[in-house]
K.L.:
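My questions will all concern the structure given below.
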Amino acid sequence: MTATLGTTSTTKTPDLGPAVELVSKEEGHRQPLAPEFVSAEDFSPLEVAYDFGRVRREDIEAGPKNIWRYKKLLPVPSNIEEIPNTEPGATRLIRADRLAKELGLKSVWIKDDTGNPTHSFKDRVVAVALAAAREFGFEVLACPSTGNLANATAAAAARAGWRSVVLIPKTLERAKILTTAVYDGDLIAVDGNYDDVNRLATELAGEHPKWAFVNVNVRPYYSEGSKTLAFEVAEQLGWRIPPQIVVPIASGSQLTKVDKGFRELGQLGLVEASPYKVFGAQATGCSPVSAAFRAGQDVVQPVKPDTIARSLAIGNPADGPYVLDIVNRTGGAIEDVTDEEVVEGIRLLARTEGVFTETAGGVTVATAKKLVETGKLDPDAETVLLITGDGLKTLDAVENHVGPKAIVPPSAAAVNEALGY
């Protein structure tokens with residue numbers, strides 16, 4: 001593997017706003033902006049570095065009601081609002097008092113990203129990846145996916161008038177297959193798990209120089225989209241960072257970028273740089289980062305996924321070591337929960353706050369409950385839970401657990417009898 005995998009040639013100087021270069025995460029080697037994701041110097045992941053200049057709250061607040069209000073903090077063109085895209089973001093932050101009572105917490109907020117265009121946070125990262133891919137001269141938007149990314153990539157490509165190539169494990173939830181196929185791109189099911197699909201995508205990225213694999217060759221830009229979760233949470237809380245936040249872990253990228261977003265807001269003086277703790281959530285059937293944290297290790301050992309939380313089923317998470325660094329630095333923790341607890345987490349959130357989340361959200365809620373019970377979450381500290389996808393995508397997880405209370409003939413007496421009156 002080389003650092004130039006999937007690079008496409010272009011003579012155009014990319015307009016990526018405040019982004020100025022790429023930096024390796026291990027040793028800080030710097031290189032020009034390009035569609036590259038691994039440093040040739042130390043073979044560590046690359047991430048975007050910026051020269052933000054002056055950024056003011058009032059400028060952000062005057063922006064559009066989507067993630068482009070934060071364009072001065074993202075690697076996107078200065079005219080991004082004028083380019084056809086799905087315009088994700090500006091999702092609800094819900095005060096969840098009934099859930100807080102059930103969990104034993106004083107104050108809980110739900111960041112409800114089910115309201116995005118394809119009903120998950122992946123619309124955020126894909127929108128940023130597409131903007132970068134266009135600047136680098138790519139022509140096809142592609143990805144390997146556990147489901148939500150497939151939906152977001154296919155929809156974003158359709159909106160932009162691009163071809164899409166989406167690779168998924170053949171065992172993906174039926175709803176996620178259909179909600180990707182409906183956009184009429186090239187959807188390919190692979191006989192293997194996500195890690196097999198991801199390896200295949202890396203190989204194809206090297207063979208097709210005009211294909212932008214959002215989470216491979218343009219990954220440094222793609223991952224920056226998750227910062228907008230941190231930006232929105234802070235702004236919606238009145239420009240402050242929550243003391244505690246619980247984030248689901250798949251590749252680990254989302255957690256690392258939420259942390260990066262909070263740190264950037266503090267460095268720019270947009271919020272008070274107050275302490276906060278980041279907590280990670282995994283399903284027990286795919287919990288390599290949780291296992292490493294529990295063992296006090298800084299290396300994440302790959303596992304073979306076996307969980308209903310398929311959107312988190314990445315057995316070899318690329319950002320696992322960096323998740324461990326952040327959780328340890330902030331004083332947080334990582335826990336995992338069983339599939340049974342995941343289902344109960346889904347149902348708990350639905351019955352207390354009227355939010356129907358997919359299995360990843362069930363992992364987040366159930367993990368928060370476990371973190372309280374084990375004394376790792378401060379019950380008196382304000383806590384934000386990230387709910388990253390819609391329950392309509394994973395109906396199979398709850399279909400054997402919920403249903404009508406009774407089946408009755410069409411009479412009031414029968415209804416009253418069924419209800420115990």
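All values reported here derive from a predicted model rather than from experimental measurement.
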K.L.:
Kindly determine whether Tyr322 and Ser44 satisfy side chain to side chain contact (heavy atoms under 4.5 Å, CB included), including the steps that lead there.
P.N.:
CA-CA 11 Å; Tyr322 305 110; Ser44 71; 4.2 Å; yes

K.L.:
Which residue pairs pass the side-chain hydrogen bond (donor to acceptor under 3.5 Å, both in side chains) test with at least one member in residues 383-392, sequence neighbours excluded?
P.N.:
Gln244-Thr383

K.L.:
Drop me the distance from Trp211's CH2 to Trp162's CH2, to the nearest 0.5 angstrom.
P.N.:
13.5 Å

K.L.:
Should the heavy atoms of other residues, nucleotides or ligands under 6.0 Å from CZ of Arg329 be counted, would the total exceed 12?
P.N.:
yes

K.L.:
Tell me whether the count of non-hydrogen atoms from other residues, nucleotides or ligands lying under 6.0 Å of NZ in Lys260 goes above 12.
P.N.:
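Yes - once you tally the heavy atoms of other residues, nucleotides and ligands closer than 6.0 Å, there are more than 12.
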
K.L.:
Show, in sequence, the C-alpha distance, side-chain angles and deciding distance for Arg351 and Glu344, and conclude whether the salt bridge (Lys or Arg N to Asp or Glu O under 4.0 Å) test is met.
P.N.:
CA-CA 10 Å; Arg351 72 172 177 262; Glu344 179 51 35; 3.0 Å; yes

K.L.:
Just wondering, are more than 12 heavy atoms of other shown residues or ligands nearer than 6.0 Å to CD in Glu399?
P.N.:
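Yes.
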
K.L.:
Between CG of Leu385 and CZ of Phe279, what distance do you get to the nearest 0.5 Å?
P.N.:
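Going from CG on Leu385 over to CZ on Phe279, the span is 11.0 Å.
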
K.L.:
Output yes when Asp396 and Lys176 qualify as a salt bridge under the 4.0 Å nitrogen-oxygen rule, no when they do not.
P.N.:
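The answer is no: the pair does not qualify as a salt bridge.
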
K.L.:
With a 4.0 Å cut-off, would you call Glu341 and Lys369 a salt bridge?
P.N.:
no

K.L.:
Would you check, one step at a time, whether the test side chain to side chain contact (heavy atoms under 4.5 Å, CB included) holds for Leu324 with Ile334?
P.N.:
CA-CA 8 Å; Leu324 293 169; Ile334 305 172; 3.9 Å; yes

K.L.:
Using a cut-off of 6.0 Å, state whether more than 12 heavy atoms not belonging to Asp298 lie near its atom CG.
P.N.:
no

K.L.:
Strictly below 4.0 Å, N to O, side chains only: are Arg159 and Glu87 in salt-bridge contact?
P.N.:
no

K.L.:
Of Leu229, Val271, Ile245, which meets side-chain contact (heavy atoms from CB on, under 4.5 Å) against Phe262?
P.N.:
Ile245

K.L.:
Measuring from Arg219:CZ to Asp319:CG, what's the distance to the nearest 0.5 Å?
P.N.:
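Atom-to-atom, Arg219:CZ and Asp319:CG are 5.0 Å apart.
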
K.L.:
Could you state the interatomic distance from OH (Tyr221) to CD (Glu47), rounded to the nearest 0.5 Å?
P.N.:
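Output value for this atom pair is 12.0 Å.
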
K.L.:
Once you measure the plane-to-plane angle for Phe52 and Tyr50, does it fall in the parallel (<30°), tilted (30-60°) or perpendicular (>60°) bin?
P.N.:
parallel

K.L.:
Among Glu358, His119, Lys122, whose side chain to side chain donor-acceptor pair (under 3.5 Å) with Asn148 holds?
P.N.:
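Per the side chain to side chain donor-acceptor pair (under 3.5 Å) rule, the option paired with Asn148 is Glu358, out of Glu358, His119, Lys122.
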
K.L.:
Do other residues, nucleotides or ligands put more than 12 heavy atoms under 6.0 Å from Asp380 CG?
P.N.:
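Atom CG in Asp380 is packed in, count exceeds 12.
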
K.L.:
Are any of the side-chain nitrogens in Arg98 or Glu102 under 4.0 Å away from the carboxylate oxygens of its partner?
P.N.:
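No.
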
K.L.:
Taking the side chain as every heavy atom from C-beta outward, state whether Val128 and Thr228 have any atom pair closer than 4.5 Å.
P.N.:
no

K.L.:
Mark yes or no: Lys227 above the aromatic ring of Tyr70, with NZ or CZ under 6.0 Å from the six-membered ring centre and no more than 45 degrees from the axis.
P.N.:
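Ring-cation test returns no.
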
K.L.:
From Ser107 OG over to Trp109 CH2, what is the distance, rounded to the nearest 0.5 angstrom?
P.N.:
6.5 Å

K.L.:
So for atom NZ, which belongs to Lys277, do other residues, nucleotides or ligands contribute more than 12 heavy atoms lying within a distance under 6.0 Å?
P.N.:
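No, not enclosed.
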
K.L.:
If you count the non-hydrogen atoms of other residues, nucleotides and ligands that lie under 6.0 Å from CG in Asp306, is the total more than 12?
P.N.:
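No - once you tally the heavy atoms of other residues, nucleotides and ligands closer than 6.0 Å, there are 12 at most.
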
K.L.:
State, with a plain yes or no, whether a side-chain heavy atom of His208 is found less than 4.5 Å away from one of Val140.
P.N.:
no

